[in-house]
Peer 1: 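Sending over a structure as structure tokens; questions will come in a sec.
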Amino acid sequence: MSFLKDLAETLSSIFSDTPSSPSSLNHPQENSGDRTMDGVATGNERTAYKLKGYFELAKEEIAKAVRAEEWGLADEAIAHYHNSQKILAEGISTPVPSYIASSEHEKVKSYRQKISKWQSQVSDRLQTLSRRAGGTPSVKQSEPQSQRVAVSQSSSSARKGASLSAPSSGKVSSATRVPSNRISSHKPSQESATADGSDPKLVEMINSVIVDRSPSVKWEDIAGLEKAKQALLEMVILPTKRKDLFTGLRKPARGLLLFGPPGTGKTMLAKAVASESQATFFNVSASSLTSKWVGEGEKLVKTLFMVAISRQPSVIFMDEIDSIMSTRTTNENEASRRLKSEFLVQFDGVTSNSEGLVIVIGATNKPQELDDAVLRRLVKRIYIPLPDASVRRQLLKHRLKGKAFSLPGGDLERLVRDTEGYSGSDLQALCEEAAMMPIRELGANILSVQANQVRGLRYGDFQKAMTVIRPSLQKSKWEELEKWNQEFGAN
Ligand SMILES: Nc1ncnc2c1ncn2[C@@H]1O[C@H](COP(=O)(O)OP(=O)(O)O)[C@@H](O)[C@H]1O
Ligand SMILES: [Mg+2]
């Protein structure tokens with residue numbers, strides 16, 4: 001198991017943003033006030049980082065296991081749960097030094113608690129899975145899905161399994177996202193192939209895994225991006241609500257590409273569409289199509305469109321579409337070529353059908369790499385640029401709400417000016433970093449201080465934070481995207 005240790009070490013060195021030297025191990029500081037700013041890493045910190053490393057590793061394994069369960073692959077899931085168990089066991093047996101600063105102690109304690117909580121959940125889950133594996137195999141495939149569904153209907157005894165949702169915030173995490181009214185029309189277990197020859201297991205999987213209507217993002221949460229909002233309103237939201245008005249010449253376009261730098265709200269926009277429109281929303285990630293568990297991407301695409309047609313109006317959202325639909329021929333294997341051409345065939349099928357409403361929305365940071373044939377079909381291409389001054393103002397105002405976080409008007413304007421080139425997610429990270437500054441000053445007093453005694457934010461906090469959080473996009477990349485937009489974009 002030493003490879004795990006190595007991995008965890010590597011991870012911990014990544015998490016540690018301060019260089020660690022052997023001498024730093026002899027710094028048992030009780031008052032850790034400015035430690036992070038001084039760049040001194042103590043041995044204590046290394047323990048927390050190590051635990052974090054184990055925790056993150058285990059988290060990845062659990063996410064894979066949950067994913068495998070969702071795909072109905074119990075053996076695969078069991079293997080990943082076992083891996084995570086080993087990692088968690090190693091984590092929990094990491095020795096905790098006796099000299100430990102109090103602030104560090106809290107971190108270590110919290111990681112140990114998290115680890116042991118996951119340990120018990122994983123072992124519960126493993127028990128359930130192995131019991132089932134010993135039982136009737138025909139139930140095996142559909143059980144995880146029916147459990148998830150059971151949660152949204154909140155009326156089943158099979159709830160235990162679904163309580164272990166994936167730790168990541170991604171598509172696999174929400175057990176309640178499938179609306180019960182939609183599911184009730186689907187029988188969880190079908191033994192024979194459906195009428196059109198599609199694999200019932202795949203249909204089941206698409207219905208329960210890919211359909212995502214998590215209403216997590218509201219329209220008004222998104223700052224700026226008026227053009228994109230307008231396009232989505234016209235293409236998806238209104239046509240699904242007023243089908244009668246959007247016919248003939250007003251028939252909405254069926255393909256839309258959202259492109260632009262990372263962290264500018266593309267995924268957010270799609271999520272808002274999912275919660276605000278009445279269309280069935282299929283959230284397809286590259287990993288779910290090319291997943292090693294399936295290896296049947298082509299069949300999955302076919303089934304996906306079939307289900308989308310049967311439940312229209314539908315939106316098929318493909319995040320990071322470049323990773324599946326790129327032109328890059330190196331590394332392109334037969335399977336991905338077939339997947340791509342199946343996608344094109346299916347897409348043409350839905351565009352030529354004037355009755356139905358199935359819309360494909362792709363999002364990408366690298367539109368240059370998209371396959372021409374795919375690009376041609378995504379007729380509406382909307383550039384989601386880095387936020388300009390007014391959007392940054394809106395974003396910062398929204399983030400810096402409340403007495404504890406607000407800045408005087410003049411300072412806010414200065415911040416708006418100084419953050420040119422920052423994306424939405426950079427700004428978010430910047431605010432989070434700045435908000436930590438007053439807390440770090442407290443040092444050991446953090447445990448005793450009253451919440452209202454913590455000082456408010458100052459411009460200086462942001463200046464300091466800006467030395468750590470830099471714009472994540474290089475200027476050259478940005479210019480490349482702008483150029484692409486002028487050539488191919490719709491605005
Ligand atoms: N226009 C925006 N309005 C509000 N928040 C934004 C905006 N753009 C980015 N963000 C913040 O950045 C995060 C990442 O955005 P995301 O939609 O995932 O970016 P993308 O998909 O373009 O890479 C969001 O969760 C949000 O906190
Ligand atoms: Mg995204």
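All heavy atoms count here, side chains included; hydrogens, waters and symmetry mates do not. We count ligands from 1, going down the list as the structure has it; atoms in each ligand are counted the same way. In this text the structure is predicted, and so the values were computed from the model without any measurement.
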Peer 1: Please work out whether any backbone atom (N, CA, C, O) or any side-chain heavy atom from C-beta onward of Lys266 is under 4.0 Å from ligand 1, and answer side chain, backbone, both or neither.
Peer 2: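 The part of Lys266 near ligand 1 is both the backbone and the side chain.
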Peer 1: Distance alone, cut at 3.5 Å: any donor-acceptor contact between the side chains of Glu482 and Trp478?
Peer 2: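 Per modelled atom types, Glu482 and Trp478 side chains form a pair under 3.5 Å.
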Peer 1: Using modelled atom types only, decide if a donor and an acceptor are shared between the side chain of Asn83 and the backbone of His80 within a distance under 3.5 Å.
Peer 2: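 Judged by distance alone, no pair lies under 3.5 Å.
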Peer 1: Identify, by atom number and element, the atoms of ligand 1 in contact range of Ile222, meaning under 4.0 Å from any of its heavy atoms.
Peer 2: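 Here the atoms of ligand 1 in question are 1 (N), 3 (N).
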Peer 1: Which ligand 1 atoms, with their elements, are less than 4.0 angstrom from a heavy-atom of Gln428?
Peer 2: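 Atoms satisfying the 4.0 Å criterion: 27 (O).
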Peer 1: Does the Arg399 side chain pair with the main chain of Gln428, one donor and one acceptor, at a distance under 3.5 Å?
Peer 2: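 Pair absent, no side-chain N/O of Arg399 close to backbone of Gln428.
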Peer 1: Could you tell me whether the side chain of Thr280 and the main chain of Arg311 form a donor-acceptor pair under 3.5 Å?
Peer 2: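 Judged by distance alone, yes, a pair lies under 3.5 Å.
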Peer 1: Gly424 heavy atoms, cut-off 4.0 Å: which ligand 1 atoms fall inside?
Peer 2: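 By the 4.0 Å cutoff, the relevant atoms are 8 (N), 9 (C), 10 (N), 11 (C), 12 (O).
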Peer 1: May I have the step-by-step check of side-chain contact (heavy atoms from CB on, under 4.5 Å) for Ile361 and Leu232, ending in yes or no?
Peer 2: CA-CA 10 Å; Ile361 301 178; Leu232 289 167; 3.8 Å; yes
Peer 1: Do ligand 1 and Gly265 have nitrogen or oxygen atoms that lie under 3.5 Å from each other?
Peer 2: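 There is such a contact, yes.
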Peer 1: Quick one: does ligand 1 sit under 4.0 Å from the side chain of Asp221, the backbone, both or neither, non-hydrogen atoms only?
Peer 2: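 Asp221 to ligand 1: backbone contact only, side chain stays beyond 4.0 Å.
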Peer 1: Is there at least one pair of N or O atoms, one from Asn365 and one from ligand 1, spaced under 3.5 Å apart?
Peer 2: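 Not met; the criterion fails.
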Peer 1: Is Tyr111 reaching over with its side chain to a backbone N or O of Tyr54, donor-acceptor style, under 3.5 angstrom?
Peer 2: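 Such a contact is absent between Tyr111 side chain and Tyr54 backbone.
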Peer 1: Is the Phe317-Phe282 ring centre distance short of 6.0 angstrom?
Peer 2: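 No, the ring centres sit 6.0 Å or more apart.
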Peer 1: Look at atom 13 (C) of ligand 1 and say which protein heavy atom is nearest, naming residue and atom and giving the distance to 0.1 Å.
Peer 2: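 Sorting protein heavy atoms by distance from atom 13 (C) of ligand 1 puts Ser425 CB, 3.7 Å first.
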Peer 1: To the nearest 0.1 Å, how far is atom 26 (C) of ligand 1 from its closest protein heavy atom, and which atom is that?
Peer 2: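 Protein heavy atom with the smallest distance to atom 26 (C) of ligand 1: Met268 SD, 3.8 Å.
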Peer 1: Determine whether a donor-acceptor pair (N or O, by modelled atom type, separation under 3.5 Å) exists between the side chain of Thr240 and the backbone of Val236.
Peer 2: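 Checking the backbone N and O of Val236 against the side chain of Thr240, a donor-acceptor pair under 3.5 Å is found.
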Peer 1: What is the closest protein heavy atom to atom 18 (O) of ligand 1, and at what distance does it sit?
Peer 2: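 That would be Thr267 CB, 3.7 Å.
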Peer 1: Taking 2.8 Å as the cut-off, does Met268 contribute an N, O or S atom near the Mg ion (ligand 2), distance below it?
Peer 2: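 No - counting backbone and side chain alike, Met268 has no N, O or S atom under 2.8 Å.
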Peer 1: Just jot down the ligand 1 atoms closer than 4.0 angstrom to any heavy atom of Pro262, in number order.
Peer 2: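 Answer for ligand 1: 23 (O).
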Peer 1: Please determine whether side-chain contact (heavy atoms from CB on, under 4.5 Å) holds for the pair Asp418 and Gln463, giving the CA-CA distance in whole Å, both sets of side-chain angles, and the decisive distance to 0.1 Å.
Peer 2: CA-CA 9 Å; Asp418 288 354; Gln463 278 175 316; 5.6 Å; no
Peer 1: Please list the nearest protein heavy atom to atom 23 (O) of ligand 1 with its residue and the distance rounded to 0.1 Å.
Peer 2: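 Protein heavy atom at minimum distance: Gly263 N, 2.7 Å.
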Peer 1: Quick one: look up the protein heavy atom nearest atom 2 (C) of ligand 1 and list residue, atom name and how far away it is.
Peer 2: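 Atom 2 (C) of ligand 1 sits closest to the protein heavy atom Ala223 N, 3.7 Å.
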Peer 1: Can a non-hydrogen atom of Arg399 be found less than 4.0 Å from any atom of ligand 1?
Peer 2: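 It does, in that a heavy atom of Arg399 comes within the 4.0 Å cut-off of ligand 1.
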Peer 1: With a cut-off of 4.0 Å, which atoms of ligand 1 are near a heavy atom of Thr264?
Peer 2: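 Near Thr264, meaning under 4.0 Å from one of its heavy atoms, ligand 1 has 1 (N), 8 (N), 9 (C), 19 (O), 20 (P), 22 (O).
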Peer 1: With no hydrogens and no angle check, do the side chains of Glu234 and Gln230 hold a donor and an acceptor under 3.5 Å apart?
Peer 2: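 Side-chain D/A pair, Glu234 to Gln230: present.
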